[in-house]
Protein chains: 2
Amino acid sequence: MTDPATAALWPGGGERTETARRLLLAAVDSFARRGYHATTTRDIATAAGMSPAALYIHYPSKAALLAEISRTGHRATLELVERAEAAGADPVERMRALAESFTVWHARGHTVGRIVNNELHALPEEDFAAVAELRIRIEETVLRIIADGAAAGLFRVPDQRTAARAVTSLGIDVSRWYTERSSESPEELGRRYGQLVLRMLGAPDGRIGD
Amino acid sequence: MTDPATAALWPGGGERTETARRLLLAAVDSFARRGYHATTTRDIATAAGMSPAALYIHYPSKAALLAEISRTGHRATLELVERAEAAGADPVERMRALAESFTVWHARGHTVGRIVNNELHALPEEDFAAVAELRIRIEETVLRIIADGAAAGLFRVPDQRTAARAVTSLGIDVSRWYTERSSESPEELGRRYGQLVLRMLGAPDGRIGD
DNA sequence: GACGTGACTAAGCGCTTGCTTAGCATCTTT
DNA sequence: AAAGATGCTAAGCAAGCGCTTAGTCACGTC
């Protein structure tokens, strides 16, 4: 049983050394709890059980830690979203899979999710650019499913871009409020949010299921 | 035409002196753009056209500025939500009014909204406690309308608390992504989100309107 | 015209920050 | 066993932080 942040970042197992991973996970925890700017390099190093200077052997700067978390987190999210698109039999099933796994990811990995979605402004410029592109690809995958569904007469939405925004927004915001002490498991929440999303998109009621 | 942050904080007109308001608005701008911890008191004072020391004549600390923004912002949001509850003829209309005005507030006052929703952890303990109570009252107003609607057979939701979370979450997250350069006006977005919310809650289709 | 008051500034204090330097123990290579 | 590489620590530097101090200036009061 790996911890949730590890799972959110490296679903397929990472390639960093033990110490570098320990530092990165300590950074995830601190950034998520206090925010990037309120976290000191001493916080991170201490949490990883090392002296402040040791951090700089594995990462060139505090910002590099943030960048690695953000890039890895965004890459994992995009993969998840593309997998959902590829897997479903029709737009309704694709959207259900997407909303469910997107929600589960943001609930289970809410620490990583918080950093990914709320510390964009702290990223060095070129890291931001890379990450912004991944975000666009995520949004467009959602939009594509909605457009397909609307074309097939399965969804009825007044404005597709607004609907896509709403779907991703709902999932992203989970990372803001979800904690391990929440009453619903990530999977349970995912199922419910999947339903709400399909309803929101005006999917035929028989396809949703109560 | 007052600026959006002023409108979001003091819908009925504030009571502070000119200078204190100018400082507070400068703080709103800086906190929203860079985050609380990345903003310096020098930033705020300079943006308000004064020397760093002048800030401390009007506010006892940087945290006091944040606290005032957060408390005022939360109070305004609660008022807005309670007004929607009181105004609507039935649960469907109440929810439509709530979702619309909640969305409009978070779009138009997205700078204030960002601070209100993402800088809670930076609040001094007792300010946090006060604000947390306001947040509960907001959430419970939403829940009450959903429960009323479900009891009247107007809404069909699997879990009312989850549905309430989704409704507020959708509105709150608007402040994360909305900018003045967004293609939709706050009112247009409000109308669309109002529709999506009613659909999500399973309101009878005739009541929604395309 | 002396005095008090309220809004402000120039200067700076003590502390914390991100990051660097210099050095040390352990392992690997030859 | 000498030499180098590796992974770490103790100490500390320059810069920037929140906030304070001491003083200035415009204004109203007696």
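Note that the structure is a prediction, hence the values are computed from the model and not measured. So that the names make sense, note that chain A is the first sequence line, chain B the second, and so on, each numbered from 1.
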Do R33(B) and D29(B) meet the salt-bridge criterion of a basic N to acidic O distance under 4.0 Å?
yes
Nucleotides 5-12 of chain C: protein proximity per nucleotide (B base, S sugar-phosphate only, - neither; heavy atom, under 4.0 Å):
---BBB-B
Take atom CZ of R161(A) as the centre, draw a 6.0 Å sphere, and report whether it contains more than 12 heavy atoms from other residues, nucleotides or ligands.
no
Please report the distance, rounded to the nearest Å, between OH in Y59(A) and C1' in dG18(C).
17 Å
Identify, with sequence neighbours excluded, every residue that meets side chain to side chain donor-acceptor pair (under 3.5 Å) alongside E188(B).
R192(B)
Between P of dC17(D) and OH of Y56(B), the distance in whole Å
12 Å
Can you tell me if the side-chain N/O atoms of T41(A) get under 4.0 Å from OP1 or OP2 in dC19(C)?
no
When you compare the side chains of H37(A) and E119(A), does any donor N or O come within less than 3.5 Å of an acceptor on the partner?
no
Between dT17(C) (P) and R34(A) (CZ): distance, integer Å
10 Å
What is the separation between atom NZ on K62(A) and atom P on dT16(C), rounded to the nearest whole Å?
16 Å
Short N-O contact, R108(B) and E187(B), less than 4.0 angstrom:
yes
Quick one: L65(B) CG to dG18(D) C1', roughly how many Å, whole number?
12 Å
Considering the options T111(B), V28(B), L123(B), which one meets the side-chain contact (heavy atoms from CB on, under 4.5 Å) requirement together with I69(B)?
V28(B)
